[in-house]
Amino acid sequence: RARLRCDADASGLTLTVVGGRFLGLPLPRALLPRGVATEAVDAEGCFSFDVPIALPLIGRLVHYRGWLKPRP
């Protein structure tokens, strides 16, 4: 389980891992997943996202990004 901090500004949202648990036990900061996820909406209403996730000592687990357009 991960605890995220959500920061919002004019460019969109930023989600940062600030805590976590594994098997119910709190994880030390050094073992927390790494990555700063971003979400934004442009002037045409297109939603974009970029979500990298990495683990210490292992490296990148997954990185997904993309966009969604509203239906006309």
Side-chain angles (χ1 to χ4, degrees):
R1 187 179 298 187
R3 191 172 72 239
L4 304 173
R5 182 183 71 228
C6 180
D7 297 307
D9 61 25
S11 65
L13 298 177
T14 302
L15 302 164
T16 307
V17 177
V18 295
R21 292 182 171 270
F22 182 72
L23 299 175
L25 300 171
L27 288 172
R29 185 172 297 275
L31 296 179
L32 289 176
R34 309 272 194 261
V36 176
T38 58
E39 300 177 354
V41 177
D42 66 17
E44 288 81 42
C46 184
F47 173 77
S48 63
F49 53 91
D50 185 11
V51 183
I53 302 172
L55 289 177
L57 305 175
I58 294 174
R60 183 186 300 183
L61 270 181
V62 66
H63 187 173
Y64 61 97
R65 68 181 113 196
W67 48 268
L68 300 168
K69 282 187 171 183
R71 289 186 179 181

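Any value given below was found using the heavy atoms of this structure, including those in side chains, with hydrogens, waters and symmetry copies removed.
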Note: P33 and I53 closest approach over all heavy atoms is CB-CG2, 4.4 Å
Quick check on the hydrophobic clustering: are L27 and L25 connected, directly or via other members, by side-chain heavy-atom contacts under 4.5 Å? no
Taking every heavy atom of P52 against every heavy atom of A37, the minimum-distance pair comes out as CD-CA, 4.3 Å
Does a sphere of radius 6.0 Å around CG in L57 hold more than 12 heavy atoms from other residues, nucleotides or ligands, not counting ones at 6.0 Å or beyond? no
Residue pairs passing the side chain to side chain donor-acceptor pair (under 3.5 Å) test with at least one member in residues 11-25, sequence neighbours excluded, are D9-S11
Decide whether V62 and V36 are clustered together by the hydrophobic rule: side chain heavy atoms of Ile, Leu, Val, Met, Phe, Trp, Tyr closer than 4.5 Å, transitively. no
Measure the spacing between CG of L15 and CG of L4 and express it to the nearest 0.5 Å. 6.0 Å
Listed once per pair and sorted, the side chain to side chain donor-acceptor pair (under 3.5 Å) pairs that draw on residues 50-60, sequence neighbours left out: D50-H63
Same apolar cluster (I L V M F W Y, side chains within < 4.5 Å links), L32/I58: no
Minimum heavy-atom separation for A30 to P56, with atom names? O-CG, 3.0 Å
Kindly state each residue pair satisfying side chain to side chain donor-acceptor pair (under 3.5 Å) with at least one member in residues 25-48, sequence neighbours excluded. none
Is L31 reachable from L61 through a run of hydrophobic residues whose side-chain heavy atoms are each under 4.5 Å from the next? no
Got a second to check how far W67's CH2 is from F49's CZ, nearest 0.5 Å? 10.0 Å
